[in-house]
Amino acid sequence: MQITFLRSVKLIILILFITVINSCKKETTPTPAAPTPTPSPAPNYTNFKITSVILTQIPFVNSSSASWDLTGGPDVFFNMEDASNNVLMNGVSARSTDISPSNLPLTWNFTTAYQITNLAITHFVTVYDYDTPDPNDLIGYVGFTLANNKSGYPTSISSSNGGVNVTIVGSWY
């Protein structure tokens, strides 16, 4: 009888133990699925900052088929100008002297980016031969209307006009 009693007590203890263990179980709830990300709208940049200008080609003779300078090659610089020839950025201090075709391309990297905040306005990279004391000679110009170049927002845009080839490099914002 004592063995039966001990078995009964062991059975009761086992049942109590199982009951206590089951009551301590954490309830688990399924983790909700992460929300599907909403695709970002395509950017609509409204400004462009030029960080460098690369001159890849110029004519080495003027419209009279004469050299730009009496001795040596042209002393090349560029200005950023608007359609009325107003100088927006003067680059004469960064001229390269006695340029020959083997010196091309010429690259000007800006310390401070040139900002274009109205993409509809054409900005001209106007290339000159520096002369002193007489006026500088116009070698040529290339216009950039950034509103026409927004597709894919390229960081490098090339254009040419009258034998002058220019690439502007920058970023959209």
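Remember, predicted model here, so these are calculated numbers, not experimental data. What's counted below: heavy atoms across the whole structure, side chains too, no hydrogens, waters or symmetry copies.
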Closest contact, heavy atoms only, Val53 versus Val125: CG1-CG1, 4.1 Å
Side chain proximity check, Trp172 to Leu119, heavy atoms < 4.5 angstrom: yes
Option passing side-chain contact (heavy atoms from CB on, under 4.5 Å) with Leu55 (candidates Ile99, Val142, Leu106): Leu106
Partner residues of Ser100 under the side-chain hydrogen bond (donor to acceptor under 3.5 Å, both in side chains) criterion, sequence neighbours left out: Ser102, Asn103
Value rounded to 0.5 Å, distance of OH in Tyr114 from CD1 in Ile116: 6.0 Å
Side-chain heavy-atom pair Phe144, Thr167 within 4.5 angstrom cut-off: no
Close side-chain approach of Val169 and Thr107, heavy atoms under 4.5 Å: no
Check: Asn79 side chain, Thr126 main-chain N or O, donor-acceptor pair, under 3.5 Å: no
In one Ile/Leu/Val/Met/Phe/Trp/Tyr side-chain cluster, 4.5 Å: Ile168, Leu88: yes
Asp134: partners by side-chain hydrogen bond (donor to acceptor under 3.5 Å, both in side chains), with sequence neighbours left out: none
Pairs where residues 47-62 contributes a residue and the test side-chain hydrogen bond (donor to acceptor under 3.5 Å, both in side chains) is met, not counting sequence neighbours: Gln57-Asn165
NE2-CE distance between His123 and Met89, expressed to the nearest 0.5 angstrom: 12.0 Å
Any donor-acceptor pair under 3.5 Å from Asn149 side chain to Thr145 backbone: yes
Transitive ILVMFWY cluster of Tyr141, excluding itself - 4.5 Å side-chain cut-off: Phe124
Under 3.5 Å donor-acceptor, Asp82 side chain and Asn85 backbone: yes
In one Ile/Leu/Val/Met/Phe/Trp/Tyr side-chain cluster, 4.5 Å: Val127, Val87: no
From Thr97 atom OG1 to Asp75 atom CG, the distance as rounded to the nearest 0.5 Å: 5.5 Å
Ile50 side chain reached by Met80 side chain, heavy atoms, under 4.5 Å: yes
side-chain contact (heavy atoms from CB on, under 4.5 Å) between Thr155 and Phe48, intermediate numbers included: CA-CA 9 Å; Thr155 57; Phe48 188 81; 5.7 Å; no
Nearest-0.5 Å distance that lies between atom CG in Asp69 and atom OG in Ser67: 8.0 Å
Any donor-acceptor N/O pair, Asn118 side chain to Ala120 backbone, under 3.5 Å: yes
Leu138 CG to Trp68 CH2 distance, which is reported to the nearest 0.5 Å: 7.0 Å
side-chain contact (heavy atoms from CB on, under 4.5 Å) assessment of Val166 paired with Ile54: CA-CA 6 Å; Val166 174; Ile54 304 166; over 6 Å; no
Asp129 (side chain) donor-acceptor with Pro74 (main chain) under 3.5 angstrom: no
Where Gly163 and Pro59 come nearest, the two heavy atoms and their spacing: O-CD, 3.6 Å
Atom pair OG (Ser93) and OH (Tyr130), whose distance is rounded to the nearest 0.5 Å: 10.5 Å
Pairing residues for Asn109 by the side-chain hydrogen bond (donor to acceptor under 3.5 Å, both in side chains) criterion, not counting sequence neighbours: none
Whether over 12 other heavy atoms sit under 6.0 Å from Tyr173 OH: yes
Pairs touching residues 69-107 that satisfy ring-ring contact (aromatic ring centres under 6.0 Å, His included), sequence neighbours left out: Phe77-Tyr128, Phe78-Trp108
